[in-house]
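Have a look at the structure below before the remarks.
Both ligands and their constituent atoms are indexed starting at 1 by order of listing.
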Amino acid sequence: MKTIGVLTSGGDAPGMNAAVRAVVRTAIANGMTVKGIRRGYNGLMEDDIIDLGARDVSDIIQLGGTMLYSARSTRFKTEEGMADAIATCKKHGIEGIVVIGGDGSFRGARDLSLRGIPCVGIPATIDNDIASTEYTIGFDTAMNTVIQMVDRLRDTCDSHARCSVVEVMGRRAGHIALRTGISVGATAILVPEHNNTVDDVIEKIKATRKLGKKHFIVMVAEGVGGVDAMAKKIEEVTGIETRGTVLGHVQRGGSPTVRDRVIATQMGYEAVCLLKKGIGNRVVAYKLGKIENYDIYEALNMKKGFDEYMYNVADVTSI
Ligand code: ADP
């Protein structure tokens, strides 16, 4: 392969820039030319292409967001959209593409691979909800942002013997809620993988109050939601002043942590090594401390479990 493209797609995540940088520099080191495709698959269909040299990716490793912009595109799923995308590849001599995004983006990468443009996916989403990998780029930074925010809430909870019910991201998965819950000493953690209710939370608050606990944090994943109603009920039943807080998109931003920068760099490097050998239709993955790769079809059919052991650790240590 002489020319490859790189794009970021779907929800943005801190560390995407570090991955773009690694892709560009690894490709150049291997004698390849790199085209940056802006706005995800939209840019591929609409010919929004830029040249990327080694210096064009200077000073981005520390930045959140993505210098290539990200987007969602329904048109890309149509035959016309796909034909436009392939025409852009032909026009610029793009022979393979590194797709940085989530499962949706990998489905697009699979479709392009099947039509003769080999693609390699890099998992990037703050939710860590991609089954084929133990780790997704952005997860660590997002969680560090959450604990910084909740530590601040905790200061005010402490001072007034209050309860804070905090919603964090994770529509289908409670990985952020679980690990940040442990990290801030949450009394209870509600995740979509379990059907615990506000009544269970109230029981836990009452039990720990008997043991002398004076302030309480309840961590709730977005997929469970309803923090204001929950806060109201906790206050009504326990008499403890309770507030709901939705952290929202603040969790998506910020300078990536060491973990995100390093893994993004490793994954970018690996993705280009695969394309260099002409291997496409793969996703890179983090497993047991190493970077692996899987067939996209196989990866999309994997199932990710919830860490029940950690959920139990959280429960036991929050009395
Ligand atoms: P993520 O990659 O973060 O999971 P999305 O699910 O929004 O985000 O997917 C990003 C983009 O990938 C979509 O806007 C669409 O262009 C493309 N995509 C998603 N699903 C498919 C699919 N089944 N076939 C082809 N392209 C898809």
Flag the pair [X] and [Y] as a salt bridge only when some basic side-chain nitrogen lies within less than 4.0 angstrom of an acidic carboxylate oxygen.
{"X": "E134", "Y": "K304", "result": "no"}
{"X": "D111", "Y": "K77", "result": "no"}
{"X": "R243", "Y": "D228", "result": "no"}

- request: Using modelled atom types only, decide if a donor and an acceptor are shared between the side chain of D129 and the backbone of R172 within a distance under 3.5 Å.
  value: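 Here the side-chain-to-backbone pair does not exist.
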message: Donor-acceptor check, side chain of D48 to backbone of L44, threshold 3.5 angstrom: yes or no?
response: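 Answer holds: no.
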Protein heavy-atom partner closest to [atom] - residue, atom, separation in Å:
{"atom": "atom 8 (O) of ligand 1", "value": "G10 CA, 3.4 Å"}
{"atom": "atom 11 (C) of ligand 1", "value": "S9 OG, 3.6 Å"}
{"atom": "atom 2 (O) of ligand 1", "value": "S105 OG, 2.4 Å"}
{"atom": "atom 22 (C) of ligand 1", "value": "R107 CB, 3.5 Å"}

message: Whether the D47 and T88 side chains hold a donor-acceptor pair (N or O, under 3.5 Å, no angle test) is what I'd like checked.
response: no
statement: Going by the 4.0 angstrom heavy-atom rule, the piece of D103 near ligand 1 is backbone
Which atoms of ligand 1 are found less than 4.0 Å from any heavy atom of [X]?
{"X": "Y41", "result": "12 (O), 16 (O), 17 (C)"}
{"X": "R72", "result": "5 (P), 7 (O), 8 (O), 14 (O)"}
{"X": "G11", "result": "3 (O)"}
{"X": "S73", "result": "13 (C), 14 (O), 15 (C), 16 (O)"}

field: For T238 against R209, the heavy-atom pair lying closest together
entry: O-NH1, 3.1 Å
query: Hey, does D111 come in under 3.5 Å of ligand 1, counting only N/O atoms on both sides?
result: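 Yes - when backbone and side-chain N and O of D111 are compared with those of ligand 1, one distance drops under 3.5 Å.
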- prompt: Where the closest heavy atom to atom 18 (N) of ligand 1 is concerned, which of G104, G108, G102 has it?
  reply: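 Nearest heavy atom to atom 18 (N) of ligand 1 lies in G104.
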Parallel, tilted or perpendicular, as decided by the 30° and 60° cut-offs, for the rings of Y41 and F76: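 Because their plane-to-plane angle is under 30°, the rings of F76 and Y41 count as parallel.
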